[in-house]
Amino acid sequence: AGLSDVQINVRLMMLAAMLGDAHTNVGSAGRLHSFPILPYWFADGLVVVAAGAEQRELIGARVVKIGDMDAEEACGKAEAVFAFENRATMRDRSPRYAMMGEVAEAVGLTADAKRMTVTLKPRAPEGAERSVVLEWMKPGENYVGLETDNAKLPLYRQRRGTANWC
């Protein structure tokens with residue numbers, strides 16, 4: 001059996017990333033499916049900063065493993081689909097790409113693009129690590145997270161989608 005259109009798209013993304021030019025890429029045209037957690041790198045590790053509504057309780061948890069790999073190694077594998085010219089770009093993008101099903105499958109984080117196991121350590125110090133099986137976000141589902149309370153955001157981030165608001 002051959003590759004699907006989405007699998008071909010991911011392979012083309014990987015080829016473009018090999019050029020090493022952060023301004024050259026192959027877009028996914030909205031074809032890639034995301035898992036319902038959005039982690040971000042902080043000094044103390046990879047932390048879930050947003051999640052699907054059903055995974056809201058995972059916000060603030062530290063990502064210990066993605067699939068069978070520790071978070072650092074897994075995000076390193078996800079770097080194969082995008083070029084970057086500095087550490088900040090790499091740290092910003094790698095967790096997002098690791099949470100895309102088709103990318104995760106292509107780089108060996110999961111055997112099935114539709115589901116992936118992630119091991120998390122809750123924010124509470126007494127909380128034990130636990131593994132969660134994630135499935136694709138539903139069409140139209142949005143992340144909820146730290147930015148859902150607009151009044152707590154800095155003024156410059158309260159109206160990000162509005163042009164010339166000030």
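When a residue number appears, it is its place in the shown sequence, counting from 1. Hydrogens, waters and symmetry mates play no part in the numbers below; they use all other heavy atoms, side chains included. Computed from a predicted structure; not experimentally measured.
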Identify every side-chain donor-acceptor pair in residues 108-116 under 3.5 Å, counting partners at least two apart or on other chains, and give the distances.
{"from": "T110", "atom 1": "OG1", "to": "D112", "atom 2": "N", "distance (Å)": "3.4"}
{"from": "T110", "atom 1": "OG1", "to": "D112", "atom 2": "O", "distance (Å)": "3.2"}
{"from": "T110", "atom 1": "OG1", "to": "R115", "atom 2": "O", "distance (Å)": "2.8"}
{"from": "D112", "atom 1": "OD1", "to": "K114", "atom 2": "N", "distance (Å)": "3.0"}
{"from": "D112", "atom 1": "OD2", "to": "R115", "atom 2": "NH1", "distance (Å)": "2.6"}

Could you go through residues 24-34 and list every donor-acceptor pair under 3.5 Å that involves a side-chain atom there, pairing it with any protein atom two or more places apart or in another chain?
{"from": "T24", "atom 1": "OG1", "to": "D21", "atom 2": "OD2", "distance (Å)": "3.0"}
{"from": "H33", "atom 1": "ND1", "to": "E102", "atom 2": "OE2", "distance (Å)": "2.5"}

side-chain hydrogen bond (donor to acceptor under 3.5 Å, both in side chains) against T89, all qualifying residues, sequence neighbours excluded: N86
CE-CZ distance between M137 and F35, expressed to the nearest 0.5 angstrom: 11.5 Å
Heavy-atom side-chain proximity of M14 to V103 below 4.5 angstrom: no
Ring pair (Phe, Tyr, Trp, His ring centres under 6.0 Å) partners of residues 5-26, not counting sequence neighbours, each pair once: none
Please set out all donor-acceptor pairs under 3.5 angstrom arising from side-chain atoms of residues 93-101, sequence neighbours excluded.
{"from": "S94", "atom 1": "OG", "to": "M90", "atom 2": "O", "distance (Å)": "3.0"}
{"from": "R96", "atom 1": "NE", "to": "D92", "atom 2": "O", "distance (Å)": "3.4"}
{"from": "R96", "atom 1": "NH2", "to": "D92", "atom 2": "OD2", "distance (Å)": "2.8"}

Under 3.5 Å, sequence neighbours excluded: what are the donor-acceptor pairs made by side chains of residues 65-81?
{"from": "D70", "atom 1": "OD1", "to": "E72", "atom 2": "N", "distance (Å)": "3.1"}
{"from": "D70", "atom 1": "OD1", "to": "E73", "atom 2": "N", "distance (Å)": "2.9"}
{"from": "E72", "atom 1": "OE1", "to": "R91", "atom 2": "NH1", "distance (Å)": "3.4"}
{"from": "E72", "atom 1": "OE2", "to": "R91", "atom 2": "NH1", "distance (Å)": "3.0"}

For residues 42-50, tabulate all N or O donor-acceptor pairs below 3.5 Å that involve a side-chain atom, not counting sequence neighbours.
none

E54: salt bridge (Lys or Arg N to Asp or Glu O under 4.0 Å) partners, not counting sequence neighbours: K138
Pairing residues for F84 by the ring-ring contact (aromatic ring centres under 6.0 Å, His included) criterion, not counting sequence neighbours: F82
Set of residues satisfying salt bridge (Lys or Arg N to Asp or Glu O under 4.0 Å) with respect to E129, sequence neighbours excluded: none
Any residue meeting side-chain hydrogen bond (donor to acceptor under 3.5 Å, both in side chains) with R11, in chain and number order, not counting sequence neighbours: none
The single option from I37, L38, I59 passing side chain to side chain contact (heavy atoms under 4.5 Å, CB included) against Y143: L38
Qualifying ring pair (Phe, Tyr, Trp, His ring centres under 6.0 Å) pairs with a residue from residues 99-133, counting only residues at least two apart or across chains: none
